[in-house]
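Scroll down for the structure; my scribbles are underneath it.
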2 protein chains.
Amino acid sequence: MQEKLDAIDREILKILEKDAKTIAKDIAEHLGLTKTPVYERIRRLEQEGFIQNYSAIINKDKVEQSITVFSFVSLEAQKGHLMDDFLNQVKQLDEVTECFVVGGEFDFLLKVIVKDLDAYYSFAKSKIASLPNIGAVKSAFVLKEVKNENTFPLL
Amino acid sequence: MQEKLDAIDREILKILEKDAKTIAKDIAEHLGLTKTPVYERIRRLEQEGFIQNYSAIINKDKVEQSITVFSFVSLEAQKGHLMDDFLNQVKQLDEVTECFVVGGEFDFLLKVIVKDLDAYYSFAKSKIASLPNIGAVKSAFVLKEVKNENTFPLL
DNA sequence: ACTGAAACCGGTACACC
DNA sequence: GGTGTACCGGTTTCAGT
């Protein structure tokens with residue numbers, strides 16, 4: 001369990017990040033190896049948690065109409081337990097696909113996906129602004145997705 | 001090519017979104033079907049583009065140290081071709097994993113992943129602020145990732 | 001650590017309902 | 001649109017280097 005990655009491991013990660021269905025033989029050829037070491041490395045990457053899981057990436061525009069909104073939330077008082085309360089509530093919400101604690105003008109940044117503006121209004125009013133200790137909530141509505149990689153930039 | 005999803009399709013999407021390696025037999029049992037229709041539906045979901053691709057989700061904290069920063073960028077003049085120029089430049093940058101055109105106080109929201117604060121400083125200075133027509137650039141540094149699903153909320 | 005071959009099992013095709 | 005069977009190919013194992 002050496003917990004470190006060499007150039008081959010990183011190349012494998014890059015390939016699987018782009019297309020998890022790439023077959024071991026092709027990866028092997030690309031690397032000038034045979035399938036076995038490729039497979040062993042992949043298993044190691046999985047077992048040691050470098051690869052968390054495999055996911056089907058869904059084209060959300062095709063599945064159903066939706067809008068994406070970034071919400072910037074500030075608390076009135078940054079007491080530790082109030083922050084935790086807020087975060088525990090927020091992370092349960094299906095509409096909130098991402099939530100980060102940030103430094104800057106506001107405390108939390110949320111990425112919210114909802115059906116339409118109406119749904120966002122309800123969401124912001126009843127699920128965010130109604131939580132205790134909320135200061136300000138600002139919103140930035142996504143007009144266009146220019147780039148949206150869920151991948152980590154391995155160079 | 002009917003381009004519409006029934007409840008079974010959506011359930012399959014939800015399962016594959018969570019774990020793309022779920023075997024057809026298990027999906028079939030969960031749905032009370034056999035492998036064949038499950039396989040046919042998956043193929044249809046792939047071919048019609050509901051599933052864009054499959055991706056290995058990488059644990060970025062294990063692979064290497066990095067920080068995530070949200071950058072909020074405003075242009076000085078919102079002329080159409082200047083926006084396009086900006087976006088075409090920005091989307092090439094490996095550090096920029098996400099880029100959205102948004103409505104609100106600023107024009108673009110970028111998610112940036114870099115090694116450290118130093119790297120972010122260089123990035124902001126030489127790759128963003130140096131582009132023509134840039135107005136303001138504000139940054140929110142991620143202190144903690146509370147939730148980070150790359151998944152579309154299928155209910 | 002990698003090679004090469006063999007075994008296993010899930011994905012895929014097909015005949016039928 | 002579904003079932004059950006049979007085949008094929010990729011994954012996984014293993015003996016040898």
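Note on naming: letters A, B, ... go to the chains in the order of the sequence lines (proteins, then strands), and numbering restarts at 1 for each one.
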side-chain hydrogen bond (donor to acceptor under 3.5 Å, both in side chains) filter on B:Ser71, not counting sequence neighbours, yields B:Tyr120

Between B:Arg43 and C:dG11, does any side-chain N or O lie under 4.0 Å from OP1 or OP2?
-> no

Numerically ordered, the residues 20-40 of chain A set in heavy-atom contact under 4.0 Å with DNA chain D is A:Ile23, A:Ala24, A:Lys35, A:Thr36, A:Tyr39

note: B:Leu45, atom CG; C:dT12, atom P; distance rounded to Å ~ 13 Å

Those residues at least two apart in sequence (or on a different chain) that pass side chain to side chain contact (heavy atoms under 4.5 Å, CB included) with B:Gln47 are B:Arg43

Residue pairs meeting salt bridge (Lys or Arg N to Asp or Glu O under 4.0 Å), one or both in residues 80-90 of chain B, sequence neighbours left out, come to none

B:Glu105 meets the side chain to side chain contact (heavy atoms under 4.5 Å, CB included) criterion, sequence neighbours left out, with A:Lys138

Contacts satisfying side chain to side chain donor-acceptor pair (under 3.5 Å) that involve residues 87-99 of chain B (not counting sequence neighbours) are A:Lys111-B:Glu98, B:Glu95-B:Lys127, B:Glu98-B:Lys111

Worksheet item: Taking OP1 and OP2 of D:dG1, is either one under 4.0 Å from a side-chain nitrogen or oxygen of B:Arg41?
Response: no

Point to revise | Salt bridge B:Glu64-B:Lys60, side-chain N to carboxylate O under 4.0 Å | key: no

Here the distance between atom C1' of D:dG2 and atom CD1 of B:Ile12, to the nearest Å, is 13 Å

